[in-house]
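Okay, so here's the structure we're looking at.
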Amino acid sequence: MVKEIERAGLPVVHMCTVVPISLTVGANRIVPTVAIPHPLGNPALSIEEEKELRRKLIDKALKALTTEVEEQTVFEQ
Amino acid sequence: MGKYRVVHYINQFFAQIGGEEKADYRPEAREGFVGPGMAFNAAFGDKAEIVGTVICGDSYFNENLEAATKEVLDLIKSFEPDIVIAGPAFNAGRYGMACGTVASTVEKELGIPAITGMYVENPGVDSFKKDIYIISTKSSAAGMRDAVKTMAALAMKLAAGEEIGASAEEGYIPNGIRVNFFEEKRGSERAVDMLLAKMAGKPYTTEFPMPDFDRVEPRPAVKDITKATIALVTSGGIVPKGNPDHIESSSASKYGKYDIEGVFDLTESTYETAHGGYDPVAANQDADRVLPVDILREYEKAGKIGKLHRYFYSTTGNGTAVASAKAYAAAIGKELVADGVDAVILTST
Amino acid sequence: MKLELGNIFIRDIRFDSVSKVEKGILFVNADELRDHLLEDENIKSVSLEIARPGESIRILPVKDVIEPRVKVQGSGGIFPGILSKVSTVGSGRTHVLKGAAVVTTGKIVGFQEGIIDMSGPGADYTPFSKLNNLVVVCEPVDGLKQYAHEKAVRLAGLKAAAYLGKLAKDVEPDEVKVYETPSLKEGIEKYPDLPRVAYVQMLQTQGLLHDTYVYGLDMKHSLPTMLYPTELMDGAVVSGNCVSACDKNTTYHHLNNPVVHDLFAKHGTELNFVGVIITNENVYLADKERSSDWSAKLAEFFGVDGVIISQEGFGNPDTDLIMNCKKIEAKGIKTVIITDEYAGRDGASQSLADADASADAVVTAGNANMLVSLPPMEKVIGHPEVANVIAGGFEGSLQQDGTIVVELQAITGATNELGFNKLSAR
């Protein structure tokens, strides 16, 4: 899906847990997430902690979208 | 019932007109069978008969592709066939290209089923295996007897409009379409046999060759994120509570587009997941864990991003065919571009 | 470790006033078994039905299928860590009611359960249409949460199977088969010239209706480890999953693991089967990396020449499969992987979510997206309306006349990745 939206002309950041699949299928901007059933959350945390976790992940995604890339890039930091 | 009418296409060599020196031989039609056609007729028994043979030199065909194709097609058409057989071409490159062109054009333009046969390394295979059935043959005419038997059997099925089985059953070169069938042995036994062969350095055939995935050029980065409109897309199946579009839990046949104007938080009572491939409890409690609407609204208010796009798009990635996912994404991408969206966050589970 | 399996062939199941096995017939006192299962306070009602091969019966949503077995000699009991105390099983003697099974159904837990047809075209795709099934219809008490509901039904199935299994304890088996695995050292001495082979079994461990238990331990919390193959035959591994039921291992599959049986068939003649490495398929990437590192390490440590790797499920577990394959090949060990495909209804799409060139020996159990039309049956046990929401179904799957049109993935065991069936694809 990532690839087709990008083909349509938009930069896409793929936020997913299983980074190897994302790399295999060909996403260009990848942000690793928490776990498959809750990529952007963690039920073990308090609501506020969870929001903070989500903010950090979104910050990474925004950074990915504003970074020029030449090849498939995983934004770990 | 009468016999099926078969037209056979062969080159100058198999028509016994001559070798390379006669390769510029022009298209010609003869009544009945010529050369290898005799073996085909024998294989058909009383089911079918070669009513005509069309012959063309390989050089003439390939050097005058368009004109030759038309001439050959007209000659084939004149016999009013039910099915067309080209070759087999074995490992002859130009003959393979000719057979592939003739067979695929017959199917496309005349709407008549057509098959050919080639050695797997014949350049005609890669060019035409997705368009027509190409029976796998040996590299030389020494494999004629086997080739005729397999080609005749498949031709009869096609003529009768029967369902065509998997490549391994019918003998055609895999064409990228995966077809189910029942093997002789169960999977675990086939795995043990394959492992014994692999460990011993003996030949074996994988049942699924690894695919190549294509790539897309990365799009330029967003210049000013504080002015950008960002859209959310997910394959995690987040939908309004009750799944109004009935998106399937697996193998989704559609995607949903949902208005989130005025929505600041996805709650347990308003949103859920339709995805059947993961433990849904966490996502059902708080769908922001999959689709982070809450934080993006916060950032929108704080001016960290320009705007969160009014609609989000959702489907279930679970067991959904790549071709379907591709089609949905292409449609979604087109809409997003038209709506002036600048960038997309796509979340997967 | 050495286990004798005494098979008692069952050709029919009947309700009667006394539960017993006699001349190949399994008699069941329904009231007694029902009362036994109702001891669980989370279960509101239980009804029992019989479904025989060839009958016009459809069962859905199917949660698990279990073969009745009983330990006759040797340590431990059937389903150790769950029904019996934790104690190593896999040695001594076990009796099996071959040809019979317990099938659990009842209100749907998620949207992940399967279909079994006892006749018609659907019956060709599920191995369970060939068995005499005692169907346990379990309804939960009102308001029971999903996790507790799943657990209650899982335990009910195991208890019912153990209840029936006990009836086989003093029955003379129709055949006795012996399975023996020597220690590493003995194996090397005994078969110095045979290639050494291990079996890497991947177990689904992703949460609700996606879990697997090993001696009662939720396998997602374990690192990869090893089992003697005969431990599987005594119920060391129990299924807690039926998501896209086509390629999930029921408990019946674990008890009758076909890779284990087919490796044993050539053990000592063409190969030396050293044991089973079990690993998980977790939802965290770090877990996937750690577990595949571990399975490769174990394979290397066992000094094997080759392994067979079986997957459970599809999608993100394709990555676990490819990681296991790649890392084990990198140790110089030959691999064959068993998987299934999601190539679209037309068969034209990419079959796996992940791929690697080292996966050059693949056995496929078929394309699970293929559509099948299941004609109406005279009797439906369970809840037919869930056909529209189970994985593989869609709005309109259940038609007016009772026909169900679904993808193969909705049929229990249809594309089993242990290689239990003959179905394949090219």
Side-chain angles (χ1 to χ4, degrees), chain A residues 1-19 21-45 47-48 50-73, chain B residues 213-225 228 230-231 233-236 255 273 275 277-283 285-286 288-292 294-296 298-299 304-305 313 315 317 322 325-337 341-349:
Chain A
M1 292 192 79
V2 191
K3 234 168 20 190
E4 292 312 309
I5 296 177
E6 190 131 350
R7 219 190 288 275
L10 295 174
V12 181
V13 55
H14 191 205
M15 304 189 74
C16 62
T17 303
V18 193
V19 174
I21 291 187
S22 188
L23 286 168
T24 307
V25 301
N28 288 315
R29 293 176 171 91
I30 303 168
V31 170
T33 55
V34 180
I36 291 162
H38 43 85
L40 286 107
N42 186 348
L45 301 177
I47 289 184
E48 221 13 75
E50 218 184 338
K51 284 205 171 189
E52 195 46 42
L53 168 79
R54 194 142 60 234
R55 279 186 202 105
K56 288 216 174 87
L57 286 166
I58 299 287
D59 289 344
K60 273 192 210 173
L62 298 181
K63 188 182 155 209
L65 286 172
T66 50
T67 306
E68 299 292 351
V69 299
E70 294 284 320
E71 53 182 26
Q72 292 188 297
T73 309
Chain B
F213 290 91
D214 68 333
R215 292 281 176 265
V216 177
E217 280 288 295
R219 294 289 158 187
V222 177
K223 295 280 173 297
D224 185 355
I225 198 83
I230 293 176
V233 179
T234 185
S235 61
Y255 62 87
T273 179
H275 197 293
Y278 63 89
D279 182 339
V281 174
Q285 278 167 356
D286 182 357
D288 291 301
R289 287 168 176 158
V290 177
L291 196 78
D294 59 344
I295 302 298
L296 285 168
E298 194 180 299
Y299 281 18
K304 282 198 186 176
I305 60 167
Y313 292 82
T315 189
V322 177
K326 237 175 151 166
Y328 308 154
I332 293 168
K334 213 170 137 195
E335 273 192 39
L336 292 174
V337 171
V341 167
D342 299 300
V344 173
I345 294 178
L346 193 152
T347 66
S348 290
T349 47

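- Interface remark: I345(B) contributes backbone and side-chain atoms alike to the contact with chain A (heavy atom separation under 4.5 Å).
- For the pair K60(A) and M15(A), the minimum side-chain heavy-atom distance is 4.5 Å or more.
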May I have the list of side-chain donor-acceptor pairs in residues 36-44 of chain A shorter than 3.5 Å, sequence neighbours left out?
| from | atom 1 | to | atom 2 | distance (Å) |
| --- | --- | --- | --- | --- |
| H38(A) | ND1 | G41(A) | O | 2.8 |
| N42(A) | OD1 | A44(A) | N | 3.0 |

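- The greatest number of non-hydrogen atom pairs below 4.5 Å with chain A, out of I225(B), D294(B), V290(B), is found for D294(B).
- Put simply, of E217(B), K304(B), Q285(B), the one with the most heavy-atom pairs under 4.5 Å next to chain A is E217(B).
- Contact count versus chain B (heavy atoms, under 4.5 Å) is highest, among K51(A), R55(A), Q72(A), for R55(A).
- Counting only heavy atoms from C-beta outward, the side chains of T315(B) and M1(A) approach each other to under 4.5 Å.
- Comparing A221(B), A329(B), P292(B), A231(B) by how many heavy-atom pairs each has under 4.5 Å with chain A, the most go to A221(B).
- T67(A) touches chain B through its backbone: at least one of N, CA, C or O sits under 4.5 Å from a heavy atom, while the side chain does not.
- Using a 4.5 Å cut-off between heavy atoms, T234(B) does not touch chain A at all.
- For the pair A27(A) and V2(A), the tightest heavy-atom approach, listed with the atom from each and the gap, is CB-CG1, 3.9 Å.
- Closest heavy-atom contact between H275(B) and G236(B): CB-O, 3.5 Å.
- Chain A forms the most heavy-atom pairs under 4.5 Å with one residue out of D342(B), L291(B), D224(B), and that residue is D342(B).
- The shortest side-chain heavy-atom distance between Y255(B) and V233(B) does not fall under the 4.5 Å cut-off.
- Across V344(B) and L65(A), no two heavy atoms sit closer than the pair O-CD2, 3.9 Å.
- Only the side chain of E298(B) comes within less than 4.5 Å of a heavy atom in chain A; its backbone stays farther off.
- The part of K334(B) that comes within reach of chain A is its backbone (N, CA, C, O), which places non-hydrogen atoms under 4.5 angstrom from that chain.
- Interface residue L346(B): backbone and side-chain heavy atoms are both found under 4.5 Å from chain A.
- Ranked by heavy-atom pairs shorter than 4.5 Å toward chain B, the options P11(A), A61(A), G9(A) are led by P11(A).
- I295(B) is not listed as a side-chain neighbour of D288(B), based on a closest heavy-atom distance of 4.5 Å or more.
- Residue contact with chain A, scored on non-hydrogen atoms closer than 4.5 Å, involves the backbone and the side chain of V341(B) alike.
- Here the side chains of P220(B) and E68(A) are in contact, with some heavy-atom distance below 4.5 Å.
- The part of L23(A) that comes within reach of chain B is its backbone (N, CA, C, O), which places non-hydrogen atoms under 4.5 angstrom from that chain.
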